[in-house]
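Before any comments, here is the structure.
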Amino acid sequence: QVQLVESGGGLVQAGASLRLSCAASGRTFSSYTMGWFRQAPGKEREFVGTISWNVGHTYYADSVKGRFTISRDNAKNTVYLQMNSLRPEDTAVYYCAARRRRAIVDSTVDYDFWGQGTQVTVSS
């Protein structure tokens, strides 16, 4: 089992930056593929990005490519989402997710554990 706790959300103006953190419990964090997803009001949860267990690979949604960066510190059991050049359409609850298998994927159904989410609001 892995428990995930996100933090770092908030209210910012368009063009600003935020860094989200996701702290994980458990000794096997370093073996998990980690992902970030988001859900805006009235919309389905959508993929943002993912990072492989060995930090070797990342994959992003087209909507955030070049603006968002995922990183992880396996020694601290933490994964990060650096968000730059934020836009009002980035407003959503952001969720961290963990996947036991090592292939990086972008579907919500392929992730085994989820955090409670953190709100990000970008004003225009």
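Numbering of residues begins at 1 and proceeds along the displayed sequence.
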Return yes if some donor-acceptor pair links the side-chain N/O of [X] with the main-chain N/O of [Y] below 3.5 Å, else return no.
X: E6; Y: Q116; value: yes
X: T91; Y: V122; value: yes
X: R67; Y: S85; value: yes
X: S25; Y: Q3; value: yes
X: Y111; Y: W36; value: no
X: S21; Y: S7; value: no
X: T58; Y: I51; value: no

Response to the item:
Closest non-hydrogen atoms of T78 and K76, given as atom of the first, atom of the second and distance, are OG1-O, 2.8 Å
Worksheet entry | Shortest non-hydrogen separation from A40 to A92 and the atoms involved | N-CB, 3.8 Å
Verify same cluster id: [X], [Y] (apolar side-chain graph, 4.5 Å):
X: I104; Y: F113; value: no
X: W53; Y: F37; value: no
X: L18; Y: V93; value: no
X: L20; Y: V79; value: yes
X: V48; Y: I70; value: yes

Worksheet item: Are K65 and D62 close enough for a salt bridge, meaning some N to O gap below 4.0 Å?
Response: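 Yes.
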Practice prompt. Look at R38 together with D90 and state whether they make a salt bridge at an N to O cut-off of under 4.0 Å.
Written response: yes
Taking the side chain as every heavy atom from C-beta outward, state whether [X] and [Y] have any atom pair closer than 4.5 Å.
X: R100; Y: S31; value: no
X: L4; Y: M34; value: yes
X: R102; Y: S52; value: no

Discussion item. The test is side-chain hydrogen bond (donor to acceptor under 3.5 Å, both in side chains); show your working for Y95 and T108 and say whether it passes.
Written reply: CA-CA 11 Å; Y95 297 90; T108 56; over 6 Å; no
Worksheet item: In Å, rounded to the nearest 0.5 Å, how long is the span from OG of S107 to CZ of R99?
Response: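 Nearest 0.5 Å value for the OG-CZ distance: 9.0 Å.
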Worksheet item: Can you tell me how far CG of N74 sits from OH of Y32, rounded to the nearest 0.5 angstrom?
Response: 12.5 Å
Worksheet item: If you count the non-hydrogen atoms of other residues, nucleotides and ligands that lie under 6.0 Å from CD in E89, is the total more than 12?
Response: yes
Worksheet item: Does anything in residues 55-93 pair up under ring-ring contact (aromatic ring centres under 6.0 Å, His included), and if so which pairs, sequence neighbours excluded?
Response: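 Counting only pairs at least two positions apart or across chains, the ring-ring contact (aromatic ring centres under 6.0 Å, His included) contacts touching residues 55-93 are F47-Y59.
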Practice prompt. Using the disulfide (SG to SG under 2.5 Å) rule, collect all pairs that involve residues 87-124, keeping only residues at least two apart or in two chains.
Written response: C22-C96
